[in-house]
Amino acid sequence: MKKGIEHEPLIWKILNEIRESSRFKNSKQFIQHGKTSVYMHSVSVAYMSCYIAEKYNLSVDYYSLITGALLHDYFLYDWHDKEDGHKRPHGFYHPSAALANAERDFEINSRTKNIIKRHMFPLTPIPPKCLEGWIVCAADKICSTKETIKIIKF
């Protein structure tokens, strides 16, 4: 168990449920940032989200927080491949694609839907409605920055 992540068993429980009942495993084949797959990025965001909530002793719905973090980028395509019909700017479009896939493959509550749909704020103009959404939004940016900086050579 990672130091400071008391909800790690719940992360693994939800991750296993999602992996076994969907196309989530397919996200291992798509790169998100640098050399990090969408799969690993999503797991990192789940860990970071729990870390933030635990560190600041926030009262959150951990099941929704973790599920939303794991599914926030459940868009299931290579966003780098412009020839594959992904003409819209990925940053603006992928929350809707991820939500559509999540709603098709899972029964998710309104809090989890909001987390997925609003995680790109402020790039997308409507902010999250719930604390869990704000946490995933921040965790996503922290993880994305770390993943991107790893490939930059100074």
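One is the number of the first residue; the rest follow in order along the sequence.
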Heavy-atom side-chain proximity of Asp61 to Thr112 below 4.5 angstrom: no

same_hphob_cluster(Trp134, Ile142) at 4.5 Å side-chain heavy-atom cutoff: no

Separation between CE of Met120 and OG of Ser144, rounded to the nearest 0.5 Å: 7.5 Å

Side-chain heavy atoms of Asp140 within contact of Phe121, under 4.5 Å: no

Euclidean distance, Ile115 CD1 relative to Leu71 CG, rounded to 0.5 Å: 9.5 Å

Test log, rule side-chain contact (heavy atoms from CB on, under 4.5 Å), inputs Phe75 and Ile116: CA-CA 10 Å; Phe75 46 82; Ile116 297 166; over 6 Å; no

Close side-chain approach of Glu8 and Tyr47, heavy atoms under 4.5 Å: yes

Distance in Å, Ser44 OG paired with Glu147 CD, rounded so as to fall on 0.5 Å steps: 5.5 Å

Nearest heavy-atom neighbours spanning Ala102 and Ile108: CB-CD1, 3.9 Å

Asn16 (side chain) donor-acceptor with Trp12 (main chain) under 3.5 angstrom: yes

Atom pair CD1/OH of Ile135 and Tyr62 - distance to nearest 0.5 Å: 7.0 Å

Derivation and outcome, side-chain hydrogen bond (donor to acceptor under 3.5 Å, both in side chains), residues Asp73 and Ser27: CA-CA 9 Å; Asp73 281 343; Ser27 65; over 6 Å; no

Pair listing, salt bridge (charged side-chain N to carboxylate O under 4.0 Å, His left out) test, anchored in residues 105-114, at least two apart: Arg23-Asp105, Glu103-Lys113, Arg111-Glu132

Common cluster, Tyr63/Leu99, ILVMFWY with side-chain heavy-atom separation under 4.5 Å: yes

Partners passing ring pair (Phe, Tyr, Trp, His ring centres under 6.0 Å) against Phe106 (at least two apart in sequence or in another chain): Tyr74

Within-4.5 Å side-chain heavy-atom neighbours: Val136 and Arg118: no

Set of side chain to side chain contact (heavy atoms under 4.5 Å, CB included) partners for Asn57, sequence neighbours left out: none

Results of salt bridge (charged side-chain N to carboxylate O under 4.0 Å, His left out) for Lys25 - residues two or more places apart only: none

Minimum-distance pair of heavy atoms, taken over all atoms of Ala46 and Ile11: O-CD1, 4.1 Å

For Ile126, the rest of its hydrophobic cluster, which grows through side-chain links under 4.5 angstrom: none

Ile52 side, atom CD1; Leu58 side, atom CG - distance, nearest 0.5 Å: 9.0 Å

Pairwise distance OG(Ser49) to CG(Leu70) - rounded to 0.5 angstrom: 9.0 Å

Heavy-atom side-chain proximity of Phe30 to His41 below 4.5 angstrom: no

Candidate list His72, Lys141, His94, test side chain to side chain donor-acceptor pair (under 3.5 Å), partner His119, passing option: His94

By salt bridge (charged side-chain N to carboxylate O under 4.0 Å, His left out) - contacts of Lys117 (at least two apart): none

